[in-house]
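The next block holds one structure in the form of structure tokens; read it before the comments.
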Number of protein chains: 2
Amino acid sequence: MTTTDPGAPAPAVVDGPPSGERRAPVVVMTDVARAAGVSQKTVSRVLNGSAHVRPEVRERVRRAVDELGYRRNAAARALVRGRTHVIGVVGLRSALYGVSQHVMGLERAAQASGYGVVVVSTATGEADEVLRGVERALELGAEGVVLVEPYFDTRALRGPLAGTPVVAAARSAHEGQRAWTVDADQVGGVEEAVEHLVDLGHRCIGHLAGPTTWRSALVRERTWRAAVEARGLAVVEPVRGDWSARSGYEATCELLAREPRGRVTALVAANDHMAVGAMRALAEAGLSVPDDVSLVGFDDVPEAAYLPVPLTTVRQDLALVGERAVASLVELVEGHGRADAGDEPRLDVVPVELRVRSSTGPAPRAAGGGRPPT
Amino acid sequence: MTTTDPGAPAPAVVDGPPSGERRAPVVVMTDVARAAGVSQKTVSRVLNGSAHVRPEVRERVRRAVDELGYRRNAAARALVRGRTHVIGVVGLRSALYGVSQHVMGLERAAQASGYGVVVVSTATGEADEVLRGVERALELGAEGVVLVEPYFDTRALRGPLAGTPVVAAARSAHEGQRAWTVDADQVGGVEEAVEHLVDLGHRCIGHLAGPTTWRSALVRERTWRAAVEARGLAVVEPVRGDWSARSGYEATCELLAREPRGRVTALVAANDHMAVGAMRALAEAGLSVPDDVSLVGFDDVPEAAYLPVPLTTVRQDLALVGERAVASLVELVEGHGRADAGDEPRLDVVPVELRVRSSTGPAPRAAGGGRPPT
DNA sequence: CCTCGCGTTGACTGCGCTGTCAGGACCGTG
DNA sequence: CACGGTCCTGACAGCGCAGTCAACGCGAGG
């Protein structure tokens, strides 16, 4: 690595990298001006779509730009205008379906609003790493940041970061939230799933929980517990996984080993991938979905409808969450002059939708555990 | 939208946006210098890790930086140094598993090499749209671009773009390739899959092809055909899908309707999601995997091993492809002074690996079609 | 003692661009 | 013809930073 890494230990160079390393853009605005026979300022006007340039001059400049292959220098523009028109996305490095869908929505919305996107990924999502990621995004010129971190507590945005426009996306709000938040309606989704199962007659509904390092997993778990308790149903202690199909398989095996056969007649998985693993474990145990056990997922991955048993699941439109997050961030960035950080953090909840397919069905008559319906 | 969108029709403003819109960073290097009682240049030296600063002064500057919450202005730095240390990723907007895994690898590698990443997504991947995307990335300050476009022909990089450092990633090379290319070994993967099936005694191996708008789909299809023909086996005309489980389901239904039952004893799907759909279609037709039909996927998505019938598939490490792409791009960007674009385009192939699981098994004895083994 | 050289520091400059402001060309009106 | 107004254009300054070069202080060597 020959680059002068800022913050790195001092290289044994006198003062800077040896000159000659610099790669100045070949052609600058003055070159275009000379070619078009106008002043450099007029070129600037044409390129910025200013009125008050004669069409003929405009045309001449345009031609010169094309001929020379001129491209404006983003750095110089940003420097003089004091704005970069770039936003940052700081997110956990993850190939999860939801995450990528989400980032795509973010980028498209940013582009539509005239912003570029720099991405900074974090390896673990721990607070200090996220803070470094935000710093990095700002150093790359971001005017604001969308956080796509599953657990980060925005109250950690203290000190010099306190004034930074930040929107937390696709994660449920903390109490004492310090940033605007956009998320899908996790609570509503789980409640709807439980309601659906109860309507089908299930009285003992288990849960395959997601990792505790994801707030949304905790919210789903808490909501499941509350929904089950509110109906006076038995609470089977959930088994925890890590979103993966493997973990869903293992968790289900563990649950089946622990609970008497026939007691749990329905399972709510924290996401679709875990539900896939659960299906396999249930099949291996000789249990049929949905005749013996009903199964609900979360996410509605595209293949959910085409699994051997099409999966009932909660659809969340994470691309839309991304769009809304960008909209909020742009509002924060551009309205920075007015009420500033005075307003309390906003919470934007995007609706979800239960997709009922074949993996859920009526509870088996000879259901074991739970109390009889009231 | 109040921003002055470059290239947009001229707003009815006299010359530029009304001043007052600018948001200058609160604290600049001179402020730090004043607080630390040194010159601005010395602050610059400390922040760039230059030698020849007394430890005591260095410490004073560091403290002032922390106290004021100072952050260097990326635009000014880029302007004066002539380098942005940013690379662009221009890619098709897609939530496909492979794509996101790939971009994560890219970002991590870029960060490790001291580069930031700006992403620009394209909606369709058509050539002129991709070219605009590249332009956009360059206008955002990218010094080079990684193309993650499934079909783009790099020969279109003519004119002012001809000299741009570009690496095409995760797509198979065109003939007459104009850019360095990094890709997983599509050909080897399909060949290995066919070989595996032939070893198991299959004599009629069908293919569920991917969309023609993806070069990798075409390569997989071509390779499958060549491998089958080379062994003198029957070629069953493939059915085409679009990577989705739905399309895999529909393609398989179509194939089953078209071919006499028992003729095709093995299917190579263009990716794992299509294989999932195929499984469902086969099950609905009363065919068992792998007893009646063997099935091979491509990608090795994490849940492949936990499907009801664990899927035999070709694992490609797209994160690694991303890393190698960045490595190549950095080489191009930093070595721009030497051989320039003189060297012929490089082709970097990352090995793949066949993961044999339960979805493939010996060909049924009473296989219908195909020719007897020679 | 002076000189030399090194380590350390700061004044100045300019990167490429846009905002400001002033000036010229041209129109219509009094 | 003079005058004000409108439209168009260019000279100039300066955004925040790093490179250049000169100057300072100080210890070693002559």
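Numbers restart at 1 for each chain; the letters A, B, ... are given by sequence-line order, proteins then strands.
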Counting side-chain heavy atoms from CB outward, which of [options] is closest to [X]?
X: B/M29; options: D/dC17, C/dT9, C/dG16; value: D/dC17
X: B/V80; options: C/dT8, D/dG16, C/dA11; value: D/dG16
X: A/V57; options: C/dG16, D/dT9, C/dT20; value: D/dT9
X: B/V28; options: C/dC17, D/dG16, C/dG10; value: D/dG16

Return the minimal non-hydrogen interatomic distance between A/G69 and A/V27, and the atom names on each side.
-> O-CG1, 4.2 Å
Using only heavy-atom distances, determine whether the side chains of B/S121 and B/R93 contain a donor-acceptor pair under 3.5 Å.
-> yes
Distance-only polar pair, side chains of A/T30 and A/Q40, donor-acceptor under 3.5 Å | no
Value in whole Å for how far the [atom2] atom of [N] lies from [atom1] of [X]:
X: B/L79; N: C/dT13; atom1: CG; atom2: P; answer: 18 Å
X: A/E139; N: D/dG16; atom1: CD; atom2: P; answer: 17 Å
X: A/D31; N: C/dC15; atom1: CG; atom2: C1'; answer: 14 Å
X: A/H52; N: D/dG5; atom1: NE2; atom2: C1'; answer: 13 Å
X: A/R81; N: D/dG14; atom1: CZ; atom2: P; answer: 20 Å
X: A/N73; N: D/dC17; atom1: CG; atom2: P; answer: 16 Å
X: B/L47; N: D/dG19; atom1: CG; atom2: P; answer: 13 Å
X: A/R77; N: C/dC15; atom1: CZ; atom2: P; answer: 19 Å

Quick one: does A/R45 reach the base of C/dG19 with a side-chain donor-acceptor pair under 3.5 Å?
-> no
Test for a donor-acceptor pair under 3.5 Å between the base of C/dA11 and the side chain of B/Q40, counting only N and O atoms.
-> no
Test side chain to side chain donor-acceptor pair (under 3.5 Å) applied to B/R62 - qualifying residues, sequence neighbours left out = none
Using side chain to side chain donor-acceptor pair (under 3.5 Å) as the criterion, list what pairs up with A/R136, not counting sequence neighbours.
-> none
4.5 Å side-chain heavy-atom contact, B/V120 and B/V89 = no
Are the side chains of A/L131 and A/F152 in touch, meaning some heavy atoms are under 4.5 Å apart?
-> yes
Phosphate OP1/OP2 of C/dT18: any A/S44 side-chain N/O under 4.0 Å = yes
Are B/N48 and D/dA18 close enough that a side-chain N or O sits under 4.0 Å from OP1 or OP2?
-> yes
Reckon A/T42 touches a base, only the sugar-phosphate, or nothing at all at heavy-atom distances under 4.0 Å?
-> sugar-phosphate
Between the axis at one end of the helix from C/dC1-D/dG30 to C/dG30-D/dC1 and the axis at the other (five pairs apiece), what's the angle to 10 degrees?
-> 60°
